[in-house]
Amino acid sequence: MSSSTPVIEATGLTKSFGQFKAVDSLDLTVGGGELFGFLGPNGAGKTTTILVIAGFLRPTSGRLSVFGLDSWNDSVAIKRRLGFLPDLSSLYTNLTGDELLSFLGALQGGDVSHRRAELCDALELAQADLARRIKGYSHGMKRKLAIIQALQHDPDLLVMDEPTQGLDPLIQQSFFTLLRAARERGTTIFFSSHVLSEVEELCERVGIIRDGRLVAVERVADLRTRRRRRARVRFRNAPPADLQIDGVEIVSRDGRDWELKVGTELGPLLAELARHDLDDLTLERPGLEDIFLEYYSDSSTPNSESDERLREEAPRANEVSGE
Amino acid sequence: MTVALLVFRSTLRGQRISIALMSVGLLAFAFLMSATFEAFGVATLELMESMPSGFQSLLKAATGAGSAAMNYMAIGYRHPVPMIVTAGFVVAASSGAMAKEIERGSIFLLLSRPVPRLHLMLAKFASMAVGLVAFQAFMLLGTWIGATTYGLEGMDYGTVTLIMVNGLFLGLAVSGITFSISAVSSDGGRAIALSAGILVVLFFVDFLAGTWSAVEAIGPISPFHYYDPVSVVNSGSVSALHLGVLAAFAVGGLTLAAIAFNRRDIP
């Protein structure tokens, strides 16, 4: 789906607030029609990057272009083709949902009413709800409205910051379907999240940002392939005293139940295990959250606060993915 | 329809109730001024004339030519009620124009559309200006209804209109100051507090300059210095210089606001 023409291209992008570098020397290219996930815990620099893309923040140094245009100087031209879903959008609560969508659609130009109706159906936002003032909406309904306003004009680029906050799992799946359909039509989608499973489910490529620095940009499939799997072993009899195999790390031992991390080469481990009687052996491909945690723990400048926050968020990712 | 017009319409729609209520309130105030002239008018003017010059300066109430009714009404136009209502609206509208939009995050919805920042600001300014025109028009209407109802003699509606024009220019000048504060703020409450504080200081600068000869020279830095209804009654005209300075406050403030808002980050 993705074409070689970059839609988003950052070169040495840095954004500082005083002495604090929120984004530091970021190099990133997102191609046309790509669904790109931007991962990182709160405070890592995701929202700052997104606000630079959308023309709200001026780069301190470096360059960020969207559709080949400068994100700051040409922001009005870019926004003709942009759909934007901010993190904490505060809607005009005195308006009805219908009034807000009409107003924002008119600002974008063109007739969006037909597309809006389709989106409302897909996200189960009834006409009766749209006729009510937004101040009476639940958080989830406000989120649906925010999603619709970003999609209703069929943008060429969709930039979203934590788009699934407040959506129940069923609506989330409908939202993902809409995103996939948009991508099929050629829309480039860039979204940030700290919910790893949704990025894993949706995206072809991910960028992982930590403390303002991009620590990895890879295809999700490649990440999984290159990263270590988890093996759970139950020995039938007394387990060996130790396993000395290159590329295999013992994570935990609980009597006959062992948990191991295995590199890309499974042969040596399987050969060693074949020498023992086993009750059970499971090999799990690494989830994105495992990979993500590895990136965070591998760094030479560990950020314990970020790691801690990430570990707290990981269960949520598992709940959604059912892992 | 241009995006600026859409934002203007939407903003005006959001302000229409407060504009309507304040306009009616100012109409009632002007009507009451007329209604109270017979009972208090002459006594008030005599009282003002017997007051120390400082107090007269506070209300810019040093009367001279013009009918008693016109002088009485002119003092009323500088009464704290219309001054506070007008300044309060300007402060609220200008802080709502940018700082409050940023504070509540709704600016991201507006400016993620192809809306130039300058157009957004000018649309908000235009909406506020409509409110100011309505206030002056309703004050004029209230004056006419009251004066007609109570048979005030010596009313000159051409001069009253000039006073309203002077008041409109004062409102625009104040908005130049408050818009420039809003343009650099990300907190609506702070923008309101700062704007209100600066306006109070400027009001007292004008007062002090009128009462204390040692600081007389600083009076012209305050836009309130250039709003003097009694002087308009006395001369039968509004000073072009005064209107020009007030316009310069407005244009200068808006220019600064536009530059700041165009260049600033919206975090």
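Every chain is numbered from 1 and lettered A, B, ... according to where its sequence line falls, protein lines coming before strand lines.
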For the residue pair [X] and [Y], what are the closest heavy atoms and their distance?
X	Y	result
A/V76	B/P116	CG2-CA, 3.9 Å
A/F56	B/I107	CE2-O, 4.0 Å
A/W72	B/R264	CH2-O, 3.3 Å
B/S10	A/F103	CB-CE1, 3.6 Å
B/R13	A/L95	NH1-CD2, 3.3 Å
B/P114	A/Q108	CD-NE2, 3.5 Å

Heavy-atom pairs under 4.5 Å with chain B, option from A/H153, A/R81, A/E99 with the top count: A/E99
Residue among A/L100, A/L104, A/L82, A/V159 with most heavy-atom pairs under 4.5 Å to chain B: A/L104
Within-4.5 Å side-chain heavy-atom neighbours: A/K79 and B/R113: no
Check: A/Y92 and B/L110 side chains under 4.5 Å, non-hydrogen atoms: yes
Atom pair OG1 (A/T60) and CG (B/D265), whose distance is rounded to the nearest 0.5 Å: 7.5 Å
Just wondering, are more than 12 heavy atoms of other shown residues or ligands nearer than 6.0 Å to [atom1] in [X]?
X	atom1	answer
B/R190	CZ	no
A/H114	NE2	no
A/R132	CZ	yes

Contact origin within A/L51 toward chain B - heavy atom pairs under 4.5 Å: side chain
